[in-house]
Amino acid sequence: VLAVWHQLTKTEMPELSKGSVMMRDRRRVEETIRAMRRAGAGRLQVISDFDMTLSRFAHNGRRVPTTHNILDNRLLIDEECTIKMKELLNTYYPIEIDASRSAKEKLPHMVEWWTKVHELLIEQRIRKDMLARAVKESRTMLRDGYKAFFDGLYESRVPLLIFSAGVGDVLEEVIRQNHVFHANVHVISNYMDFDHTGVLRAFKGQLIHTFNKREGAVTQAAALSQLQGRPNVLLLGDSLGDLTMADGVSDPRHVLTVGFLNDQVEERKESYVNAFDVVLVRDETMDVPNAILRNVI
Ligand code: C5P
Ligand code: MG
């Protein structure tokens, strides 16, 4: 009987049998998807991280830039700043993804990283009217299947909250240039504050880094009226810190978490499988999230 049941569910969602998929409890995943389908699109919201979740981690063996790294363009910053930003990345990124340290241990280092980089960017007097060109000239790329993902949610009137510790202005430009910045998309991120001549002078609001998304969730996300009355959540992220992005949802019912495991795979596999319902190992596509959504809405 079990074998038959498995076959049935397999044909229902063949994507879950992809080699890149790992699940602690497949049965629970399928039950959650069924419960979400019964409740319908009107009860669903999608909360997603941006860098290395909606955008690709790598393409043809080369890293794809994050929103911060898109700013590494001579139109915006000088060579010295590029070098300093690289040094900071080399210092702090290994800490961000270190499997042997807790989020609590990482937190002060992340604050330091983001604060230093934002100070450097402000010194560079970045011009707002150059951002679109920098995005165009960058190698930024969304994951394969991104169009079906964004368009499908828009057509089904399911809100998509993009919750990013990257740079909001750059993020918006990336999705605009990919023609998927639809009306159902809401963004919480670090936004630049420009003076009246269009020169960067500060970052707005509370700093968001990889390990304080909970605070943004309970203050900013919880206040978004478009997300009210939608207790079912599909959450997508690539960092364990992303799991707190749904902490602002009031009375959550069915929450399904999907984690992209891009880097330090062997070291982090166990913790990701324990923390996310579905783990996608070195999977540069939206195939699995899209299959889940096709099933639910
Ligand atoms: O959108 P998301 O929350 O993923 O954006 C944060 C990511 O940006 C982090 O995972 C971090 O590795 C990366 N980052 C970066 N350069 C910085 C700060 C963060 O590439 N200066
Ligand atoms: Mg990310």
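In this chain, residues are counted from 1 in sequence order. Just follow the structure's listing: the first ligand is 1, and inside any ligand the first atom is 1.
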(message) Does either side chain, that of H209 or that of N190, offer a donor lying less than 3.5 Å from an acceptor on the other one?
(response) no
(message) Could you work out, for atom 14 (N) of ligand 1, the closest of W113, Y92, F50, Y93 by heavy-atom distance?
(response) W113
(request) State plainly whether the residues E96 and R101 are in salt-bridge range, i.e. N to O under 4.0 Å. (result) no
(request) Pull out every atom of ligand 1 sitting under 4.0 Å from any heavy atom of K213, numbered as shown with elements. (result) 3 (O)
(message) Within ligand 1, which atoms have a heavy atom of V117 less than 4.0 Å away?
(response) 21 (N)
(message) How wide is the angle at the Mg ion (ligand 2) spanned by D49 OD2 and D238 OD1, rounded to 10 degrees?
(response) 80°
(request) With heavy atoms of N69 as the reference, note each atom of ligand 1 found under 4.0 Å away. (result) 20 (O)
(request) State whether D283 and R143 are salt-bridged, where the test is any N-O pair (Lys NZ or Arg NE/NH1/NH2 against Asp/Glu carboxylate O) under 4.0 Å. (result) no
(request) Please report which non-hydrogen protein atom sits nearest to atom 2 (P) of ligand 1, along with the residue it belongs to and the distance in Å to one decimal place. (result) D49 OD1, 2.9 Å
(message) Can you tell whether the side chains of D129 and R127 come within less than 4.0 Å, N to carboxylate O?
(response) yes
(message) Looking only at side-chain N and O atoms, does N69 offer a donor or acceptor that is under 3.5 Å from a partner on T66?
(response) yes
(request) Could you tell me whether R62 atom CZ has more than 12 heavy atoms of other residues or ligands within 6.0 Å of it? (result) no
(request) Using a strict cut-off of 4.0 Å, indicate which atoms of ligand 1 neighbour a heavy atom of T66. (result) 15 (C), 20 (O)
(message) Looking only at N, O or S atoms, which one in D51 sits nearest to the Mg ion (ligand 2)?
(response) O
(request) Under 4.0 Å, heavy atoms only, figure out whether ligand 1 is touched by the backbone of M52, its side chain, both or neither. (result) side chain
(request) Would you kindly specify which portion of E96 sits under 4.0 Å from ligand 1, judged on non-hydrogen atoms: side chain, backbone, both or neither? (result) side chain
(message) Below 4.0 Å from ligand 1: does a non-hydrogen atom of M85 turn up there or not?
(response) no
(message) Using a strict threshold of under 4.0 Å (side-chain N to carboxylate O), is an ion pair present between D195 and R201?
(response) no
(request) Pick one of side chain, backbone, both or neither for how D51 approaches ligand 1, counting any non-hydrogen atom pair under 4.0 Å. (result) both
(message) What I want to know is whether T210 and ligand 1 share at least one N or O pair that is separated by under 3.5 angstrom.
(response) no
(request) Indicate yes or no: does R28 engage E31 in a salt bridge with an N to O separation below 4.0 Å. (result) no
(message) For Q177, I'd like to know if atom CD has over 12 heavy atoms of other residues, nucleotides or ligands within 6.0 Å.
(response) yes
(request) For atom 1 (O) of ligand 1, find the nearest protein heavy atom and state the residue, atom name and distance (0.1 Å precision). (result) S164 OG, 2.7 Å
(request) Look only at interatomic distance and state if W114 has a nitrogen or oxygen under 3.5 Å from any nitrogen or oxygen of ligand 1. (result) no
(message) Among I175, N290, T285, N178, which residue satisfies the side chain to side chain contact (heavy atoms under 4.5 Å, CB included) criterion with Y146?
(response) N178
(request) Ignoring angles and geometry beyond distance, decide whether D242 reaches within less than 3.5 Å of ligand 1 through its nitrogen or oxygen atoms. (result) no
